[in-house]
Number of protein chains: 2
Amino acid sequence: MATRRLTQKDIARLAGVSQATVSFVLNGSPENANRIPAETRDRVQKVIRDTGYVADPVARRMVKGLNRILGVFTYEPAFPSAQADFFTPFLLGIEEAAQELGYDLLLLTGAGVKRRIFGDNVRLRLADGCIILGRQFDRDELTRLVAGDFPFVAVGRRDDAGGPVPYVGGGYVAGTAALVQRARALGHHRIAYIGLNEGAESTVDRWIGFEPALNGAELVHTQFAVAQPPGETLDALLAAGATCVFFTELADAIAVDAVARHRGISVPGDLSIVVLGNHIRAEEHGRRFTSFSIPREAMGRAATEMLVRRVENDAPVEQVLLDCAIVEGDTLGPLSTQHVRNT
Amino acid sequence: MATRRLTQKDIARLAGVSQATVSFVLNGSPENANRIPAETRDRVQKVIRDTGYVADPVARRMVKGLNRILGVFTYEPAFPSAQADFFTPFLLGIEEAAQELGYDLLLLTGAGVKRRIFGDNVRLRLADGCIILGRQFDRDELTRLVAGDFPFVAVGRRDDAGGPVPYVGGGYVAGTAALVQRARALGHHRIAYIGLNEGAESTVDRWIGFEPALNGAELVHTQFAVAQPPGETLDALLAAGATCVFFTELADAIAVDAVARHRGISVPGDLSIVVLGNHIRAEEHGRRFTSFSIPREAMGRAATEMLVRRVENDAPVEQVLLDCAIVEGDTLGPLSTQHVRNT
DNA sequence: TATCAGCGCTAATACGCATTAGCAGATTTT
DNA sequence: AAAATCTGCTAATGCGTATTAGCGCTGATA
């Protein structure tokens, strides 16, 4: 560690030229580089090669505006295993796109307990722009970001916060509506909804897609809560005469499905189940629920590309929703004849 | 984007003081900060609060040496799904430790097809030090790293490269030896080894732990290759009269186990199987192989802590191996009486 | 012969911050 | 009353680079 880093001044001294000349040799813009004859250029380059000199990116950044670094900010830690399956696909897309575009990623770990973008020691600004991941999102910080001049893109749709928020989200509204239509096409007209209908945008979107798509079907039961006792939920569903139930939470669907199976109620024979969204490795629980898939990797990619557009070309705010493909699954079936008779 | 970033000069102007005073208010070293009376300090801090000013970390880094950023370099992309299970646990540990120590992570994506540390535009140096992940490792680059003055720590044991390499590795030698002893204790003395015994350090370590631990047992069959036809491998094992076989690759073990089951050969009744290492979610294939676990998360943590030690205190090179706990599993059993008779 | 245009390079500056040296005025000491 | 000390600040500098302005020189042009 004793040896100090090499600088352009050192190279200049060794090559018998000035620091400016070294700089020109390194990043010869056509106009200026041409003015340096091959002989001098070779001499300088030889010294650079011999010494293994590399320009200090920090100093570089001082002069130019940009750093070719994108920040990735998450309000929750990105890797801890509980979150890993959630965050990993996004990061996958982000990393691939960043690599293709020639950017590195600065992972902001949030220095303290509470993660904040506008904190005391915000190293975020080291990046040229930033991608924001995570379900929770401090409204005030979002507002400040929108108001500020630091380029960012959110992964996931966001309501306006003192202005439109640039984002790449999932088309949950359309995906949900498509699933409802599918259920309707299969004859279901006594439908139920289990899950929150307010809070985060991603949650609200399910409900926004759901209700209008009913289109005359009867919403016989709603439960705007999650993680309730599955037995009671099932009782309520049956009492209401629902033939098809939509869950926002996979976990709830799994629990209710298990109870139903235990009681000899056939899914989808007696009751169809639809889940509004998917999870990685959903297959592990042995049931392929009818749902839509969230294109997490593509969202990460698109957000990265959008961010670079904003950083490099000062592009205007964009808001993009990516399609959520329907996952057929085994839990949505046609209305049984028995139900048809009962109605 | 029209509004330029705020600088200390702006704050100074607004507060009616000099830029130096603003700097003192921000990072008041006890001696100097005391010289600024509370009145002035409050005035400056109010402006800072009102404007939301944050110091540019790049400029900061220009002056001080450090940035509180650790680079994470991987020769392979870190997230793509095939690698995700491999890299994620390391990153988990790295991120947690970095967060605790107050560092951010710079993920180096490798600009082109071939990832190199010493490239044309090495952004690595923006970090204070760097952690190197990945199975493949360019020998020349490692040598240059060792020779250079840039602090780094490798995850995984590395042979000397013009000097000792600082690393945090897994105790594969000891783990392998422990498994061999376990097999011996169960009566096995006709043992086989399937897998490479040269190449990467992690591979070599298995063999190094394996052979001496035989301690008189007969090595009746070796196959220094992976991904061979499992049927043929099994034939060879049986022909050699092996009662216990060690695999370096989980995939090979799975394949041979499947063929054995298909042929009605009992594992571990007729043949015990040991795998030298584990994989996340190994349970998915439905077989709990006897093996040792690789403490990936702990390795990430330890490497990060070691790196910070090197960065902050210029600590000497350390080489650490973390214990690999034995995973009991279901595939190593006592020598069957039939085998005992045969011998 | 004086002027001008190119050539090959260098001096000087700015980027935003931390930090050292130091200045003017007030207060205390001798 | 002069000297020393303290108080509250600012000027100036350097970190390593990119870049603009410009200098001294040669050869061509007027």
Side-chain angles (χ1 to χ4, degrees), chain A residues 3-45 48 51 53-68 120-126 128 149-150, chain B residues 3-45 48 51 53-68 120-126 128:
Chain A
T3 55
R4 207 179 39 76
R5 268 206 74 186
L6 282 172
T7 70
Q8 286 189 349
K9 212 190 296 183
D10 299 321
I11 305 299
R13 192 168 27 74
L14 291 172
V17 296
S18 72
Q19 174 264 325
T21 302
V22 176
S23 180
F24 283 133
V25 169
L26 275 175
N27 9 303
S29 66
E31 12 171 345
N32 286 316
N34 286 343
R35 306 186 44 133
I36 294 179
E39 191 191 352
T40 307
R41 192 162 44 225
D42 290 348
R43 188 154 36 95
V44 172
Q45 266 165 348
I48 290 176
T51 55
Y53 164 83
V54 269
D56 183 347
V58 180
R60 245 178 159 128
R61 153 80 201 234
M62 272 296 284
V63 178
K64 324 249 277 184
L66 303 180
N67 219 355
R68 299 203 82 79
D120 277 343
N121 50 353
V122 184
R123 300 172 291 263
L124 181 60
R125 314 236 23 163
L126 225 170
D128 301 329
D149 64 343
F150 188 67
Chain B
T3 54
R4 212 178 35 76
R5 271 205 70 186
L6 283 171
T7 70
Q8 286 190 349
K9 212 191 296 182
D10 299 320
I11 305 300
R13 193 169 24 79
L14 291 173
V17 296
S18 72
Q19 174 265 325
T21 303
V22 176
S23 179
F24 283 134
V25 169
L26 276 176
N27 8 298
S29 65
E31 12 170 346
N32 286 315
N34 285 345
R35 306 189 43 137
I36 294 181
E39 191 191 351
T40 307
R41 192 162 41 226
D42 290 347
R43 189 154 35 96
V44 172
Q45 267 164 346
I48 290 176
T51 56
Y53 166 82
V54 271
D56 182 348
V58 178
R60 251 183 152 122
R61 158 78 202 227
M62 274 296 286
V63 179
K64 327 248 277 185
L66 301 181
N67 222 353
R68 299 202 84 77
D120 277 341
N121 48 354
V122 183
R123 303 169 293 260
L124 182 60
R125 312 227 38 152
L126 226 169
D128 300 334

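Proteins get letters first, then strands, A, B, ... in listed order; numbering begins at 1 in each. We use all heavy atoms of the structure for the numbers below, so side chains are in, but hydrogens, waters and symmetry mates are not.
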Closer to the 5' end of DNA chain D via nearest nucleotide, is it B:Arg43 or B:Ala59? B:Arg43

dist A:Ile36:CD1 -> A:Thr21:OG1 (nearest 0.5 Å) comes out at 5.0 Å

Inter-residue atom distance A:Arg13.CZ - A:Leu6.CG, 0.5 Å rounding: 9.0 Å

B:Phe24 has its side chain closest, among D:dT20, C:dT19, C:dC17, to C:dT19

Please determine whether a side-chain nitrogen or oxygen atom of A:Arg60 lies at a distance below 4.0 Å from atom OP1 or OP2 of D:dA18. yes

Give, for atom CG of B:Asp10 and atom CD of B:Gln19, the distance between the pair rounded to the nearest 0.5 Å. 11.0 Å

Who are the side-chain contact (heavy atoms from CB on, under 4.5 Å) partners of A:Leu26, not counting sequence neighbours? A:Gln8, A:Val22, A:Ile48, A:Tyr53

Give the rounded distance in Å between these two atoms: CE of A:Met62 and P of C:dA18. 11 Å

Within this structure, what is the CZ-CG distance for the pair A:Arg60 and A:Asn27, rounded to the nearest 0.5 Å? 5.0 Å

Using whole Å, report how far NZ of B:Lys9 lies from P of D:dT10. 15 Å

In whole angstrom, give the distance that lies between atom CG of A:Asp128 and atom P of C:dC15. 19 Å

All heavy atoms of A:Ser18 vs all of A:Ala12, minimum pair found to be C-CB, 3.5 Å

Report yes or no: does A:Arg43 contribute a side-chain atom to a donor-acceptor pair with the main-chain N or O of A:Ala15 at less than 3.5 Å? yes

Difference in axis direction between the ends of the helix from C:dT1-D:dA30 to C:dT30-D:dA1, five pairs, 10°: 80°

Within this structure, what is the CG-to-P distance between A:Asp42 and C:dG8, rounded to whole angstrom? 14 Å

In this structure, CG of B:Asp128 is separated from NZ of B:Lys64 (nearest 0.5 Å) by 11.5 Å

Reckon A:Thr7 has a side-chain N or O less than 4.0 Å from the OP1 or OP2 of D:dG16? no

Rounded off to whole Å, could you give me the NZ-to-P distance for the B:Lys64 and D:dG14 pair? 19 Å

Phosphate-side-chain proximity, A:Tyr53 and D:dG16, N/O vs OP1/OP2 below 4.0 Å: no

Contact list for DNA chain D against residues 12-22 of chain B - heavy-atom distance below 4.0 Å: B:Val17, B:Ser18, B:Gln19, B:Ala20, B:Thr21

When rounded to whole Å, the CD1 to C1' distance for the pair B:Ile36 and C:dT19 reads 12 Å

Compare every heavy atom of A:Gln45 with every heavy atom of A:Val25, then report the nearest pair and how far apart it is. CG1-CG, 3.8 Å

From CD1 of B:Ile11 across to C1' of C:dG16 the rounded distance in Å is 12 Å

What's the CZ-C1' distance between B:Arg61 and D:dC15, to the nearest Å? 11 Å

